[in-house]
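Data first, discussion second: the structure below is written as structure tokens.
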Amino acid sequence: MTDDDFGTAVLAWYDLHGRKDLPWQQGVTPYRVWVSEIMLQQTQVATVLGYFDRFMQALPTVEALAAAPEDEVLHLWTGLGYYSRARNLHKAAKTVVERHGGEFPRSVEALAELPGIGRSTAGAIASLSMDIRAPILDGNVKRVLARYTATAGYPGEPAVARRLWEVADRLMPHERVGPYTQAMMDLGATLCTRSKPSCLLCPVKPGCRAHLQGQETAFLTPKPRKTLPQRQTLMPLFVNDANAVLLQRRPSTGLWGGLWGPPEVADAAELEALAERQGLVIDERQALPGLVHTFSHFQLAIEPWLVQVDHRQHRVAEGDWLWYNLASPPRLGLAAPVQKLLKRAEQALKGEPA
DNA sequence: GAATCGTGGGT
DNA sequence: TACCCAAGATT
């Protein structure tokens with residue numbers, strides 16, 4: 001197959017078998033495509049389906065997003081993970097409104113200057129919503145191209161990535177760039193899967209070096225793994241008589257950046273000291289069942305304590321602290337395990353067994 | 001170049 | 001079960 005044949009075959013396959021009914025493919029605009037692409041970074045389509053429409057309904061335009069409080073944006077992102085994506089999205093929206101008059105810049109280079117938009121996401125936005133010829137290189141496309149060219153090596157290595165970008169650029173047609181971009185992702189997602197690829201149905205099988213060698217699953221080279229470090233933390237859930245839990249805004253960098261959560265302490269003594277500092281008089285406390293959460297790069301053991309405090313004694317927390325009312329929760333960002341903890345605290349307060 | 005950043009699904 | 005890793009970007 002020639003390079004031209006590749007694009008032609010991929011597009012013909014897309015017209016018959018590509019996905020055209022995803023929410024962000026309806027009423028295509030740079031804003032909708034941008035939000036979807038950010039949500040889809042390292043996140044499966046099925047997961048994003050539960051977030052995209054709700055986000056768009058709450059913040060239909062880049063102006064609405066730019067004007068929204070950060071807590072609202074993080075609230076809409078709650079449970080989706082990689083929360084810096086949401087903060088960067090918010091920041092980029094403000095830039096688009098304030099510096100570009102509410103219009104997205106119409107080049108990959110300018111798009112990639114916005115926070116949270118790298119080369120691949122910029123290529124996706126440009127090709128899908130602006131008809132600009134710019135390739136993408138996400139997990140799906142990496143796999144398709146690594147197999148098609150039998151490119152060995154872990155793509156995290158810059159030399160391998162550089163080579164795949166060259167291939168991506170060389171094989172991209174000059175017409176119908178939007179459908180082509182969508183087609184490449186669909187090909188990787190539905191046919192050229194990590195295990196058991198459906199080569200029989202593949203439009204570019206005649207030119208696929210990996211298939212010709214019978215070595216499809218030898219690509220991609222997997223990421224080298226290390227053993228997960230273990231961490232441990234104590235999370236006191238201070239509850240007042242109104243069934244509100246004391247939460248603290250976490251720093252914008254690091255784990256769960258910008259979200260709200262229970263304070264973290266190393267031991268019981270530190271818990272006492274924290275209560276003292278906040279003017280909280282402890283009525284009673286009990287340990288709730290522990291929680292072990294596995295992240296990509298470490299494992300965290302959370303020991304939650306339910307600590308009921310005397311409402312007549314405490315003063316209202318301010319600044320980075322707030323009382324989170326379980327009955328009427330405010331709109332702010334919570335990490336998934338924190339949501340789980342709050343639910344657990346609510347049950348314990350109702351007297352239900354843990 | 002290596003670490004960091006979440007959560008959920010597939011094998 | 002224990003890994004792998006998904007429409008990656010940033011530091």
Side-chain angles (χ1 to χ4, degrees), chain A residues 18-19 22-25 32-52 74 77-89 91-92 111-129 135-144 153-162 164-165 168 178 181-190 192-196 217 220-229 231 250-259 261 293-300 333-340:
Chain A
R19 292 178 290 187
L22 294 167
W24 42 91
Q25 297 178 300
R32 287 174 61 84
V33 171
W34 170 51
V35 172
S36 74
E37 287 300 325
I38 301 299
M39 284 187 172
L40 286 160
Q41 287 172 357
Q42 300 298 105
T43 307
Q44 297 187 346
V45 170
T47 302
V48 172
L49 288 178
Y51 286 83
F52 182 78
L74 287 169
W77 214 269
T78 286
L80 200 49
Y82 284 138
Y83 299 97
S84 67
R85 293 184 296 176
R87 293 196 313 277
N88 283 333
L89 195 76
K91 199 182 305 176
L111 284 169
E113 284 181 16
L114 295 169
I117 301 182
R119 181 173 176 185
S120 186
T121 300
I125 298 170
S127 60
L128 291 173
S129 74
I136 64 169
L137 195 61
D138 63 11
N140 286 320
V141 177
K142 280 178 194 166
R143 191 170 52 252
V144 171
Y154 166 59
E157 294 173 25
V160 179
R162 206 177 321 125
L164 290 176
W165 272 112
T181 290
Q182 186 62 50
M184 289 297 284
M185 294 189 285
D186 291 353
L187 204 52
T190 64
C192 196
T193 49
R194 190 160 62 87
S195 61
K196 301 181 185 174
T217 54
L220 296 170
T221 305
K223 179 179 189 159
R225 282 283 164 186
K226 296 178 179 174
T227 57
L228 290 184
R231 299 184 205 173
R250 301 174 64 90
S252 57
T253 57
L255 185 70
W256 300 335
L259 277 64
H293 195 80
T294 302
F295 296 90
S296 319
H297 52 294
F298 71 96
Q299 202 170 55
L300 183 65
L334 297 176
V338 170
Q339 283 187 296
K340 199 178 295 184

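Residue numbers begin at 1 in each chain, while the letters A, B, ... track the order of the sequences.
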Review point. 5'-most contact on DNA chain C: A:Met185 or A:Ile117, nearest heavy atom basis?
Key: A:Met185
Check your understanding: A:Arg19 near the nucleic acid: base, sugar-phosphate alone, or nothing, with a heavy-atom cut-off under 4.0 Å?
Key -> base
Check your understanding: Mind checking the C1' distance from B:dG1 to C:dT10? Whole angstroms is fine.
Key -> 14 Å
**Study point:** Exam field: side chain A:Arg85 to backbone A:Leu80, donor-acceptor pair closer than 3.5 Å
**Key:** yes
Point to revise | 5′-ward residue of the pair A:Ser195/A:Gly81 relative to DNA chain B | key: A:Gly81
Review point. Roughly, in whole Å, what's the span from CG in A:Asn140 to C1' in C:dC5?
Key: 11 Å
Check your understanding: Nearest of B:dG8, C:dG8, B:dT7 to any side-chain atom of A:Ala335?
Key -> B:dT7
Review point. Say you pick atom C1' in B:dG9 and the same atom in C:dA9; how far apart are they, in whole Å?
Key: 23 Å
Practice item. Assign A:Gly254 to base, sugar-phosphate, or nothing according to its heavy-atom contacts below 4.0 angstrom with the strands shown. Key: sugar-phosphate
Review point. Is there a donor and acceptor pair, one atom on the side chain of A:Thr43 and one on the base of B:dG6, closer than 3.5 Å?
Key: yes
Revision key, fill the gap. Among the nucleotides C:dG8, C:dA7, C:dC5, whichever has the atom closest to the side chain of A:Ser120 is C:dG8
Review point. For A:Val48, which contact category applies under a 4.0 Å heavy-atom criterion: base, sugar-phosphate, or nothing?
Key: nothing
Review point. If you measure from the P atom in C:dA2 to the same atom in B:dC5, how many Å do you get, rounded?
Key: 24 Å
Review point. Which part of the nucleic acid, if any, lies within reach of A:Ile136 when heavy atoms closer than 4.0 Å are counted: base, sugar-phosphate only, or nothing?
Key: nothing
Point to revise | Whether A:Thr217 side chain and A:Ser195 backbone form a donor-acceptor pair below 3.5 Å | key: no
Study note, to complete from the structure: Nearest heavy-atom contact between A:Tyr83 and A:Trp77 is CE2-O, 3.5 Å
Check your understanding: Is any side-chain nitrogen or oxygen of A:Trp256 closer than 4.0 Å to OP1 or OP2 of B:dT7?
Key -> yes
Check your understanding: So, does the side chain of A:Ser296 form a donor-acceptor pair with the base of B:dG6 at under 3.5 Å?
Key -> yes
Check your understanding: Below 4.0 angstrom from OP1 or OP2 of C:dC5, is there any side-chain N or O of A:Arg143?
Key -> no
Check your understanding: With a non-hydrogen cut-off below 4.0 angstrom, is A:Gly79 in contact with a base, only sugar-phosphate, or nothing?
Key -> sugar-phosphate
Practice item. Write down the distance between CG (A:Leu89) and P (C:dA9), rounded to a whole number of angstrom. Key: 14 Å
Check your understanding: Taking only N and O in the side chain of A:Gln42, is any of them less than 4.0 Å away from OP1 or OP2 of C:dG8?
Key -> yes
Review point. Can you tell me how far P of C:dA7 sits from CE of A:Met184, to the nearest Å?
Key: 13 Å
Practice item. Indicate, with a heavy-atom threshold strictly under 4.0 Å, whether A:Ala124 touches base, sugar-phosphate, or nothing. Key: nothing
Practice item. Go through the side-chain N and O atoms of A:Thr121 and A:Gln41 and say whether any donor and acceptor fall under 3.5 Å apart. Key: yes
Study note, to complete from the structure: Separation of C:dA7 atom P from A:Leu137 atom CG, nearest Å, is 12 Å
Review point. Hey, does A:Leu255 reach any base, or is it just sugar-phosphate, or nothing, if we go heavy atoms under 4.0 Å?
Key: sugar-phosphate
Exercise for review: May I ask you to say what A:Thr294 touches in the nucleic acid, namely base, sugar-phosphate or nothing, with a heavy-atom cut-off under 4.0 Å?
Suggested key: base
Practice item. May I have the distance from A:Met39 (atom CE) to B:dT7 (atom P), rounded to whole angstrom? Key: 15 Å
Point to revise | Proximal nucleotide (of C:dG8, B:dG6, C:dA7) relative to the A:Gln41 side chain | key: C:dG8
Check your understanding: Base, sugar-phosphate, or nothing for A:Leu220, non-hydrogen atoms under 4.0 angstrom?
Key -> nothing
Review point. How would you label the contact of A:Gln182 with the nucleic acid (heavy atoms, under 4.0 Å): base, sugar-phosphate, or nothing?
Key: base
Review point. OP1 or OP2 of B:dA3 less than 4.0 angstrom from a side-chain nitrogen or oxygen of A:Lys226, does that happen here?
Key: yes
Check your understanding: With a 3.5 Å cut-off and just heavy-atom distances, do the side chain of A:Arg225 and the base of C:dA2 make a donor-acceptor pair?
Key -> no
Point to revise | Any A:His293 side-chain nitrogen or oxygen under 4.0 Å from OP1 or OP2 of B:dG6 | key: no
Practice item. Looking at every strand, decide which applies to A:Lys340 at a 4.0 Å heavy-atom threshold: base, sugar-phosphate, or nothing. Key: nothing
Point to revise | Earlier contact from the 5' end, DNA chain B, for A:Glu157 and A:His297 | key: A:Glu157
Exercise for review: Determine the interplanar angle of the A:Phe295 and A:His297 rings, folded into 0 to 90°, and report it as parallel if under 30°, tilted if 30 to 60°, perpendicular if over 60°.
Suggested key: tilted
Exercise for review: Please work out if A:Trp24 contacts a base, only the sugar-phosphate, or nothing of the nucleic acid, heavy-atom cut-off 4.0 Å.
Suggested key: base
Revision key, fill the gap. Rounded to whole Å, the CG-P distance (A:Leu40 to C:dG8) equals 8 Å
Exercise for review: State, yes or no, whether a side-chain contact exists between A:Trp24 and A:Val45 at a heavy-atom distance under 4.5 Å.
Suggested key: yes
Review point. For C:dA6, does either OP1 or OP2 sit under 4.0 Å from a side-chain N or O belonging to A:Tyr82?
Key: no
Check your understanding: How far, in whole Å, is B:dG6 from C:dT1 if one measures between their P atoms?
Key -> 26 Å
